[in-house]
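Below you'll find the structure, written out as structure tokens, and then a few comments.
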Amino acid sequence: MSRTTGAIRILPYSRVVGQNDLKLALELNYVAPRIGGVLMAGARGTAKSTIVRAFALMVHAELPVTLPINATDDRVVGGWELEALMRGEARPQPGLLEEAAGKGLLYIDEVNLLDDHLVNVILDVVSTGVLSVQREGLADAKHVSFGLVGTMNPEEGWLRPQLLDRFGLMVAAQQQDTETRHRTIKTVLAFEEEYQKEESPWLQEAEQDNTATRDLLESARSRVATMKVPDEMVQLCAQVAQRVEAVGQRGEIVATLAARALAALEGADTVEPGHLLRVLPMAFRHRRPETAHGGTFDWTTDDEARVRDLFETG
């Protein structure tokens, strides 16, 4: 049967139709957490939340910890129980970041509507792996690790360039063609029907496919750190960053990490140009000068053309 939490029904990850870039970004970030999180941009109803929740259920067997828009500093980073403190006892009160470390994934829906200060705090913890809490005259620090996924609808607001850059990868939900929309409708209808059954070969097969994907991710995760990146790939990545006028140097570092994760995921022996080419839009679309100043985040055919010759002659 499909995994569920309580009364919530989640379409199995293996049966989500389309949005392959969103799925690939989540998988790369899981294989190589040093990538530093995924930001998904897209209009309402483009399956962003469904994909995040289905992915969390598949790899962590739990829904992700979800950060509400109105979360306070105390709720996010944690602290100490006030009533216990009044009795002279220092009793820790974990926040959402610590809960996310236990469950593996923190999900921020509409991250562009969250207070910039909180986004900054969360991204600091993700990048350093250290959660530092200083409250009520007490201080504590601990190592935490979790995947971070934020979603946003650009029509409802934007993220400051400094925060955009802190997300390792950015992916854009795509408008689906008629054939994909058709398959999506049929899949959702099938899921609703099969979920009602005591025994469902459809759901059993979906869970088997989930297990196969999870095993693949775990295998890639176990070997990614030992996979060497040829220097010509590093040079190629630096050339791309120069060509697209990437702001800062985080883009080429993330692109290299993502290309290595993709190579590990595909069982390759080494990172090849094709791996790098596929992750370029995710690593650079939000680090170009025009995007940093509020422009479009699309990765167009013109962007492809700007770097294509490097791969054809490299």
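In this text the structure is predicted, and so the values were computed from the model without any measurement.
- Ion pairing between Glu266 and Arg278 holds under the 4.0 Å rule for side-chain N and carboxylate O.
- Heavy atoms from other residues, nucleotides or ligands lying under 6.0 Å from CD of Glu155 number 12 at most.
- Atom CZ of Arg34 is surrounded by 12 or fewer heavy atoms from other residues, nucleotides or ligands within 6.0 Å.
- By the 4.5 Å heavy-atom criterion applied to side chains, Thr256 and Met233 are not counted as neighbours.
- Between Val16 and Phe55, the closest side-chain pair of non-hydrogen atoms is not below 4.5 Å.
- A cation-pi arrangement is present between Arg221 and Tyr30, with the terminal nitrogen or guanidinium carbon under 6.0 Å from the aromatic centre and inside a 45° cone about the axis.
- The side-chain heavy atoms of Leu236 and Gln239, taken from C-beta on, include a pair separated by under 4.5 Å.
- Around the CD atom of Gln175, the shell of radius 6.0 Å holds no more than 12 heavy atoms that belong to other residues, nucleotides or ligands.
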Exercise. Could you give me the CA-CA distance, side-chain angles and deciding distance for Arg214 and Tyr13, then say whether side-chain contact (heavy atoms from CB on, under 4.5 Å) is met?
Key: CA-CA 10 Å; Arg214 187 167 60 249; Tyr13 183 75; over 6 Å; no
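- A side chain to side chain contact (heavy atoms under 4.5 Å, CB included) with Arg166 is found for one member of Leu39, Asp124, Leu148, Val119 and no other, namely Asp124.
- You'll find the side chain of Asp73 stays beyond 4.5 Å of the side chain of Val121, heavy atoms only.
- Surrounding CZ of Arg87 are more than 12 heavy atoms belonging to other residues, nucleotides or ligands, all under 6.0 Å away.
- Around CD of Glu232, the count of heavy atoms belonging to other residues, nucleotides or ligands within 6.0 Å exceeds 12.
- In this structure, the side chains of Leu24 and Leu262 come closer than 4.5 Å at one or more pairs of heavy atoms.
- With a 4.5 Å cut-off on side-chain heavy atoms, Ser49 and Tyr107 count as touching.
- Annotation for Gln249: atom CD does not count as buried by contact number, only 12 or fewer foreign heavy atoms lying within 6.0 Å.
- Side-chain contact between Arg15 and Asp209: present, with at least one pair of heavy atoms (C-beta onward) separated by less than 4.5 Å.
- With respect to Arg75 and Glu99, a salt bridge is recorded, a charged nitrogen being found less than 4.0 Å from a carboxylate O.
- For the pair Glu83 and Arg91, the salt-bridge criterion is not met [side-chain N within less than 4.0 Å of a carboxylate O].
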Practice problem: Please lay out, stage by stage, how Gln204 and Glu199 fare under the test side-chain hydrogen bond (donor to acceptor under 3.5 Å, both in side chains). | Solution: CA-CA 8 Å; Gln204 290 171 357; Glu199 295 291 334; 3.0 Å; yes
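- Considering Arg285, Arg308, Arg288, Arg243 as possible partners of Asp303, the one that fulfils the side-chain hydrogen bond (donor to acceptor under 3.5 Å, both in side chains) test is Arg288.
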